[in-house]
Structure formats: C-alpha cells, structure tokens
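Residue numbers run from 1 in the order of the sequence given.
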Amino acid sequence: MREALFIKQRTGKWKEFENIPTNDPDVLAEQFIIITDDLAYSKTFYPNSGTTKYLNGLAARFHQSIYKSKKESRNRFIQFWMLELPLVFARYRRQLLISFIFFITFCLIGALSAKYDNTFVNMIMGDGYVNMTNENIAKGDPFGVYKDQDPFLMFVQIAENNLFITVLTFVAGMFFSVGTLFLLLKNGIMLGSFQYFFISKGLGLQSILVIWIHGTLEISCIIIAGAAGLILGNSIIFPKTYSRLVSLKKGAVDGLKITMGILPIIVMAAIFESFVTRHTEMPKWLSCFILLASFAFIVTYIVIYPIYLNRKLNRHNN
C-alpha cells in the first residue's frame, strides 16, 4: 500500500484519538492497540517517513497515559484479565472456532474407531489402563483410578503434565500450524476413544457426571491452546499486510497471551481432578452444578464477554 493511501485511510482515527482524549481505561487500551498496530505497519513499509515518527510519538503519549501512575500499574493485572485477554479472544474468535471444530472432529474419529475396532482403545489407552479399569468396573467402582493416589501428589503430577501439554500445543504452531493440529488430533482421538469405552460399558452418563467435573475445564484449555498455536502458525503462513517477521512477532505475542491466560484454568482443572473427582459418590445435582458452572464460565469468559466488550469499544470508537 502506498504511504499516501495508508495515511488517507487511517488519519481520521489518529486525529480523533489525539484530539478527543478519554479517561475510560477500556477505550484507552483499545486505542493504544490500534495505534501500535499502525505503527508496526508503518515501521515495516515506511521506516524513515514522517508518518512513522508521528505514530511513534502518538503511541508514546498513549503509553504514558495508560501507565502514568502507580495505581494504574497495580491495576495492570486486573486489566489483563478484564480487558486485554478478552479482546485477544474476540480478535481471534475464528481460530477458536476452527480449533473447536477440528478437536470435535478428531473426538468423533476416536469414538467411531473404538466402536468398530475392539482393539483400538487398548492401542490408544494402553493394555494396563484398560485392564485396570475393567477390574474396577467388576468391583463396582469404575472410576477408582481417581482414588488410588495421594490427592496432593496427584495434583502436582496432573498440573505439571497439563501445563506442559498446553504450552507444547501452542509452541507446536511454529511448524506452520501442523504441529498444533497433530496434537489436537492425538488428544481428540484419545478423548473420543476414552469416552466411548465407558459408553460401551453402559457407563456413559455416569462417566460424564464424574470425569467432566474436571474435563470441562481441561478439554476447553486444550482447544484454546490449539487456537493459540493456530494464531502462531498462521502468522507465518498468512502475514497479510505485515512483513513475515512482524506478523510472526504479533502472532507469537497474542498466542502467548492466550496460553498464559489459561494457565490458572488448567491449575483449577487439576485441583478438581485431584480433590473433587475422586468423590464419585457425590450427589448428582452437585456434580451437575460443578460441570455446568465450569461450562458457563468458559462460554462466558471466552466467547460472550469478549464479543460484548469488543462491540462496546467499537461503539465508543465510532
């Protein structure tokens, strides 16, 4: 794009931001994101122009406005969770949907494979796990595996494993998104065959009420990490108007924000699995409440709230 056309298309916004100051932190942060995006583009294509110098100065003023006091600095943590991260979710809702569709498809493949191949679950889950679960079913305690270990030690091991898988799913996006898709495939097929195994034993509903106490948060995080990996990979494959390096940096930062943002949710899922899921005798209403509350939280924070916040900011900017 020629510099004159770039200025013509964007100068209205710049002047509006500059001449109509706002004290609303939400609006201020969104304007800062827009300015820094334009600055990155200008640095790439017009590095020595007056436009780049102007945007650099404007971005500096916005930065000072956002971080001008210690009080605001203390609120930085809250701003990340209430503003910055939801806006990243809103910006990349397409990648979230794609990750969800791929994962569900892979789950169905795993379930169908388990249905039509009696050896498939053993191949995926391992003979040891399948035999142990069959023994527990025979004893009348099909989910006894969640009770066999000290809860704190179990929490440490599960949290460590799930955090590793989450970060790996994101980083694997560096391989042009293929690495992320492979991990979604692996985990999706595992989940599908695992769930069908209990359905085939007549324990479908019971398995949902027990396993999905922690599984709702845990599986949601795998899907979200998949979206972060796709953001990283697509930034290399589809740089759009940015240089490939600038696009990669932007994709890496946004993907990392998402990955870091879901780490507390992963820890919470590990707490549920270690300390709550083991109580398989709990009332069904309590199990349903935990499951539905977890689902409502994910849908609200990852989908509904980001869309609401994005529309609100767009109304302010327009």
Side-chain angles (χ1 to χ4, degrees), residues 1-11 13-14 17 29-60 62-63 80 84-103 164-186 222-263 302 306 310 313-314 317:
M1 183 189 302
R2 292 182 180 275
E3 184 178 1
L5 180 58
F6 174 67
I7 294 173
K8 182 179 179 180
Q9 289 181 347
R10 307 299 296 168
T11 188
K13 283 289 184 186
W14 302 338
F17 295 168
E30 178 66 12
Q31 291 177 348
F32 179 63
I33 292 171
I34 293 172
I35 291 298
T36 52
D37 283 348
D38 289 343
L39 175 60
Y41 182 87
S42 185
K43 281 183 175 180
T44 302
F45 295 101
Y46 331 113
N48 300 316
S49 73
T51 303
T52 300
K53 294 178 181 178
Y54 166 76
L55 288 172
N56 193 57
L58 187 59
F62 268 87
H63 186 273
F80 175 78
E84 192 170 342
L85 184 59
L87 286 175
V88 175
F89 285 136
R91 192 178 308 129
Y92 294 106
R93 54 184 177 271
R94 182 170 176 269
Q95 283 81 356
L96 285 165
L97 178 60
I98 291 172
S99 180
F100 173 78
I101 291 173
F102 269 111
F103 189 80
F164 172 76
I165 291 174
T166 299
V167 174
L168 181 63
T169 302
F170 162 59
V171 174
M174 280 291 295
F175 299 101
F176 307 101
S177 295
V178 175
T180 293
L181 290 175
F182 172 76
L183 291 174
L184 288 177
L185 171 68
K186 179 181 177 182
I222 291 177
I223 294 171
I224 296 168
L230 294 178
I231 292 167
L232 179 60
N234 290 352
S235 70
I236 302 172
I237 303 171
F238 309 111
K240 298 182 180 179
T241 57
Y242 300 104
S243 70
R244 204 168 298 277
L245 180 59
V246 170
S247 177
L248 173 59
K249 289 180 179 178
K250 188 173 184 298
V253 169
D254 289 342
L256 184 60
K257 286 179 181 179
I258 290 176
T259 303
M260 298 300 293
I262 62 175
L263 295 186
I302 306 300
N310 190 55
L313 290 175
N314 286 335
N317 291 334

- Rounded to the nearest 0.5 Å, how far apart are OG of Ser42 and CD1 of Ile7? 8.0 Å

- So with a 6.0 Å cut-off around NZ of Lys186, is the heavy-atom count from everything else above 12? no

- Note on the structure: On a heavy-atom basis, the closest approach of Phe176 and Ile237 is O-CD1, 3.3 Å

- Ignoring hydrogens and angles, tell me if any N or O in the side chain of Thr52 forms a donor-acceptor pair with the backbone of Asn48 under 3.5 Å. no

- Rounded to the nearest 0.5 angstrom, the OG1-CZ distance for Thr169 and Phe164 is 9.0 Å

- Please, which pairs that meet salt bridge (Lys or Arg N to Asp or Glu O under 4.0 Å) have at least one residue in residues 34-43, sequence neighbours excluded? Arg10-Asp38

- Item | Within 6.0 Å of OH in Tyr92, more than 12 heavy atoms from elsewhere | yes

- Do side-chain atoms of Thr180 reach the backbone of Gly226 as a donor and acceptor pair under 3.5 angstrom? no

- Closest non-hydrogen contact found for Val88 with Asp254 is CG1-O, 3.9 Å

- Query: Should the pair Tyr46 and Tyr41 be assigned to parallel (<30°), tilted (30 to 60°) or perpendicular (>60°) ring geometry?
  - Reply: perpendicular

- So which heavy atom on Leu55 is nearest to which on Phe6, and how close? CD1-CE2, 4.4 Å

- Taking it one step at a time, do Met174 and Ile236 satisfy side chain to side chain contact (heavy atoms under 4.5 Å, CB included)? CA-CA 8 Å; Met174 280 291 295; Ile236 302 172; 4.2 Å; yes

- CD1/Ile98 to OG/Ser177 distance, rounded to the nearest 0.5 angstrom? 9.0 Å

- Do other residues, nucleotides or ligands put more than 12 heavy atoms under 6.0 Å from Phe175 CZ? no

- Determine, stepwise, if the pair Thr51 / Trp14 fulfils side chain to side chain contact (heavy atoms under 4.5 Å, CB included). CA-CA 11 Å; Thr51 303; Trp14 302 338; 4.0 Å; yes

- Nearest heavy-atom approach of Thr259 to Thr166 is CG2-CG2, 4.2 Å

- Task: State whether the side chain of Thr11 and the backbone N or O of Lys8 hold a donor-acceptor pair below 3.5 Å, judged by distance alone.
- Result: no

- Crowded around Phe100 CZ? As in, over 12 foreign heavy atoms under 6.0 Å? no

- So, for Ala228 and Gly255, which heavy atoms are closest and what is the spacing to 0.1 Å? CB-O, 3.5 Å

- Query: Just wondering, more than 12 heavy atoms not from Arg91 lying within 6.0 Å of its CZ?
  - Reply: yes

- Is there a side-chain contact between Val171 and Leu232 (heavy atoms, below 4.5 Å)? no

- Query: By side-chain contact (heavy atoms from CB on, under 4.5 Å), which residues pair with Ile224, not counting sequence neighbours?
  - Reply: Phe89, Leu96, Ile258, Ile262, Ile302

- Mind checking the CG-CD1 spacing from Leu256 to Ile231? Nearest 0.5 Å is all I need. 11.0 Å

- Check step by step if side chain to side chain contact (heavy atoms under 4.5 Å, CB included) holds for Tyr242 and Lys249. CA-CA 10 Å; Tyr242 300 104; Lys249 289 180 179 178; over 6 Å; no

- Residues Ile33 and Thr36: closest non-hydrogen pair is O-OG1, 2.9 Å

- Task: Dump the intermediate steps for side chain to side chain contact (heavy atoms under 4.5 Å, CB included) on Leu5 and Gln9, then the final yes or no.
- Result: CA-CA 6 Å; Leu5 180 58; Gln9 289 181 347; 3.9 Å; yes

